[in-house]
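Read the structure below first, then the notes.
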Number of protein chains: 2
Amino acid sequence: MKTEELTVDCGKEVTENSHTDCHKVIMPVRDALDVISGKWKLPIIIAVSRGHKRFRDIERSIPKITSKVLSKELKDLETHKLVKRTVYDTQPVTVEYTLTPYAATLDSVILALQKWGIQHRKKILGK
Amino acid sequence: MKTEELTVDCGKEVTENSHTDCHKVIMPVRDALDVISGKWKLPIIIAVSRGHKRFRDIERSIPKITSKVLSKELKDLETHKLVKRTVYDTQPVTVEYTLTPYAATLDSVILALQKWGIQHRKKILGK
DNA sequence: CAGGATCCCCTGCGATACTG
DNA sequence: CAGTATCGCAGGGGATCCTG
């Protein structure tokens, strides 16, 4: 979310518009990438979507992740309204994480990335 | 391109398939993200697409980028077959960078990210 | 159980030079 | 012009331990 100073001038002729247009592509894309890129975001989203709700449960389902990282990533996802955190007043406290309905809007993005990724791997390696 | 050890187990029941399915989403997505994420990839792709061909030309068109970074990123893009590097035997040598036709396959991905990014910014900030 | 605190490392990126 | 070399930092993320 610190995409502000990104002042890119991509126009052939340096007109006001080419500059602005460029921004209009780059800024949103970087916003989106900030949300889903990183090593753990996707694994976590998928884990939660598949029914892992409790902290330890999610942690165990994602090999090699540490509690510190999981904690931080879950907070990120929560501030982006992709994950909902619910605390139950039990003894000791229970916390449940679930995907918000909003998270579903990511599907098309993920699908586009996935499709491109699949064919790209073939393109680069296979032949 | 070092996405190998990514062994994620996202299934509720730990079946072979849930594991594999998960991989099938995460690996390609990470492949794709590796190609387009990072601070400079998009700006460079856009700059080149808009007609900036020469190294210095591209460099000047992207505020704050350094030659070192530009050089490295262009190599990355070249190995991913998104950019073509052509050396002309002039005095001194001239080098031209152009997007490959293949780079156009990224359009749908970028569009998806852009669209989601735009509405996400509204969702998070606006109201 | 759900996380925080600490320490530490590694890489991405910036600044500033310098070559063929 | 088209880059490479060197230095250096900051931050993301790992390992380990600790608390309410």
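Just so you know, these numbers use all the heavy atoms, side chains as well, and skip hydrogens, waters and symmetry mates. Each chain gets a letter, A, B and so on, in the order the sequences are listed, and its residues count up from 1.
- No side-chain donor-acceptor contact under 3.5 Å links B/Ser67 and B/Ser71.
- Here the nucleotide nearest the side chain of B/Trp40, chosen from D/dA2, C/dG14, C/dC1, is C/dG14.
- For the pair A/Gln119 (side chain) and A/Trp116 (backbone), a donor-acceptor distance under 3.5 Å is present.
- If you find the closest nucleotide of DNA chain C to B/Val93 and to B/Val69, the one lying nearer the 5' end belongs to B/Val69.
- Summarising the geometry, the separation between CG on B/Leu70 and P on C/dG12 is reported as 17 Å, rounded to the nearest angstrom.
- Under a hydrophobic clustering in which Ile, Leu, Val, Met, Phe, Trp and Tyr are joined whenever their side-chain heavy atoms come within less than 4.5 Å, directly or via other members, A/Val109 and A/Ile118 fall into different clusters.
- B/Glu73 places its CD atom 13 Å from the C1' atom of C/dT11, with the value rounded to the nearest Å.
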**Asked** How does protein contact run along nucleotides 3-9 of chain C, one letter per nucleotide 5' to 3', with B for base contact, S for sugar-phosphate only, - for none, heavy atoms under 4.0 Å?
**Response** BB-BB--
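- Here D/dG3 presents its P atom at 15 Å from NZ of B/Lys53, a figure rounded to the nearest Å.
- Regarding A/Glu96, its CD atom lies at a distance of 13 Å from the C1' atom of C/dA2, rounded to whole Å.
- Salt bridge status for B/Asp34 with B/Arg30: absent, with no side-chain N to carboxylate O gap under 4.0 Å.
- Residues meeting the side-chain contact (heavy atoms from CB on, under 4.5 Å) test with A/Arg85, sequence neighbours left out: A/Glu78, A/Val87, A/Val95, A/Tyr97.
- Of the possible polar contacts, none joining the A/Glu96 side chain to the A/Phe55 backbone as a donor-acceptor pair under 3.5 Å is found.
- Atom-to-atom, CD1 of B/Ile62 to P of C/dC13 comes out at 13 Å; the value is rounded to the nearest Å.
- If you take CD1 of B/Ile44 and P of C/dC13, they are 10 Å apart, rounded to a whole angstrom.
- A rotation axis mapping the C1' atoms of four pairs onto the next four is fitted at both ends of the helix from C/dC1-D/dG20 to C/dG20-D/dC1 over five pairs, and the angle between these axes is 40° to 10 degrees.
- Considering only side-chain N and O atoms, B/Lys64 lies nowhere under 4.0 angstrom from the phosphate OP1 or OP2 of C/dC13.
- Atom P of nucleotide C/dC10 and atom NZ of A/Lys39 are separated by 14 Å, given to the nearest angstrom.
- Straight-line distance from the CG atom of A/Asp89 to the P atom of D/dG20: 18 Å, rounded to whole Å.
- Where A/Thr66 and B/Pro92 meet DNA chain D, the nucleotide closest to each residue was compared, and B/Pro92 sits on the side nearer the 5' end.
- Placement of A/Leu113 and A/Leu111 in two distinct hydrophobic clusters is found when ILVMFWY residues are connected by side-chain heavy-atom separations under 4.5 Å, directly or transitively.
- Residues A/Asp57 and A/His52 have side chains that bring a donor and an acceptor to within less than 3.5 angstrom of each other.
- For B/Arg54 and D/dA2, the shortest distance from a side-chain N or O to OP1 or OP2 is below 4.0 Å.
- When atom types are taken as modelled, the side chain of A/Thr94 and the backbone of A/Thr90 share no donor-acceptor pair closer than 3.5 angstrom.
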